[in-house]
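Accompanying notes for the structure given below.
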2 protein chains.
Amino acid sequence: MAQAETVGPVENAVGYVLKEAAVALRNAMDLELRPLQLTVSQYACLELLGQRPGMSNAELARGAFVTRQSMNVVLQGLEERGLVTRPSVAARGRELPAELTPAGRDHLRAASTAVRGVERRMCAGLSPDRQQELLDTLAACVRNLDPR
Amino acid sequence: MAQAETVGPVENAVGYVLKEAAVALRNAMDLELRPLQLTVSQYACLELLGQRPGMSNAELARGAFVTRQSMNVVLQGLEERGLVTRPSVAARGRELPAELTPAGRDHLRAASTAVRGVERRMCAGLSPDRQQELLDTLAACVRNLDPR
DNA sequence: TGCGCCATGTCAGTATTCTGACATAGCCTC
DNA sequence: GAGGCTATGTCAGAATACTGACATGGCGCA
């Protein structure tokens, strides 16, 4: 729309569009998860536990890109609702391996379907090759930023 | 690494990697902007104003993907530090067009350089064509999610 | 064995952002 | 001109995530 000025409009900056896409995805997910009474963070926690039961709080935090403290709040909420269980005492070290309850698995199944629908909608019109390249390119960006 | 289970590991989901990249970028930007005493939101506000002076609070909020209330807090902080000015009364309607002060322009120049360095690092090893395709693909994702 | 080092869980406080609500100004239609 | 509609700025409150700090458990090395 507008002509490039000194350095170019923000709309053409990779970082800007990346942020825009992430926000759009989050909003769309939030909308779909609201009927299930789940926040995006809570869903992320359930999904991670569904794919790898027994993850500790710290592992879940790293997997969901939040701090241990934040993830602990999420876990407490899920525990109170009976979707997740954690042993009260650590069997080894200090880690408390979390697991889904049957109710948690049910919730996850519905949430996972909803989220997968959002992803499908987001990638509509993109060929499998193009989707794979998006995945690879984003992974390369992460690697490039990771070291420092 | 791990074998695909029922639906595949999260690491292969577009949404997951998108979030990962957005977080990595935000952290990297935060690290570069910290010496300048700027948060990412504050930088976004300055950058938008630098490219289009006179934007209102609501316009800036949309441009930075936050609410009007959040952007207002950001603007107040920048105003107190003398980086941004706003008229005390609206000349037309209720909009208060914001503009950079000379000090704001100086800050923006330094911040912009730093952020551009981060983007360059993020896209290191990606051909111009690949960068453009990333931009286009992300824009397509945004469009696909936007309607609803 | 003893020590330093790192990771984990947790407590407390802070910061940032959001949702909800309200009054007001411009615009459009009747 | 009157009324509805939308957009804007703003106030208040809640939710969420963060930083800082601490004690504890496992691990490696002298």
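- Judged purely by atom type and a 3.5 angstrom limit, A:Gln51 uses its side chain to pair as donor or acceptor with the backbone of B:Val10.
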**OP:** Let me have a per-nucleotide readout for nucleotides 6-16 of chain C, 5' to 3', with B, S or -, counting only protein heavy atoms under 4.0 Å.
**Re:** --BBBB-----
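- For the pair A:Leu38 and A:Ala111, the tightest heavy-atom approach, listed with the atom from each and the gap, is CD1-CB, 3.8 Å.
- Atom CZ of A:Phe65 and atom P of D:dC18 are 12 Å apart (whole Å).
- Looking at A:Arg130 and B:Glu133, a side-chain N of the basic residue comes within less than 4.0 Å of a carboxylate O on the acidic one, giving a salt bridge.
- Spacing between atom OH of A:Tyr43 and atom P of D:dT16 amounts to 18 Å, rounded to whole angstrom units.
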Between the protein and nucleotides 1-5 of chain D, which nitrogen or oxygen pairs are less than 3.5 angstrom apart?
none

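- Checking side-chain atoms of B:Gln42 against main-chain N and O of B:Thr39 turns up a donor-acceptor pair under 3.5 Å.
- What separates CE of B:Met71 from C1' of C:dC18 is a distance of 14 Å, to the nearest Å.
- Protein atom CG of A:Leu75 is 15 Å distant from nucleotide atom C1' of D:dT16, rounded to whole Å.
- A salt bridge links A:Asp106 to A:Arg109: one of the charged nitrogens lies within less than 4.0 Å of a carboxylate oxygen.
- Of the two residues near DNA chain D, A:Gly93 and A:Thr67, the one whose nearest nucleotide lies more 5' is A:Thr67.
- The pair B:Asp30-B:Arg26 fails the salt-bridge criterion, with no side-chain N (NZ, NE, NH1 or NH2) lying under 4.0 Å from an Asp/Glu carboxylate O.
- Panel note: side chain A:Glu59, backbone A:Ser56; a donor-acceptor pair is recorded below 3.5 Å.
- Side-chain N/O atoms of B:Glu47 and B:Ser112 include a donor and acceptor closer than 3.5 Å.
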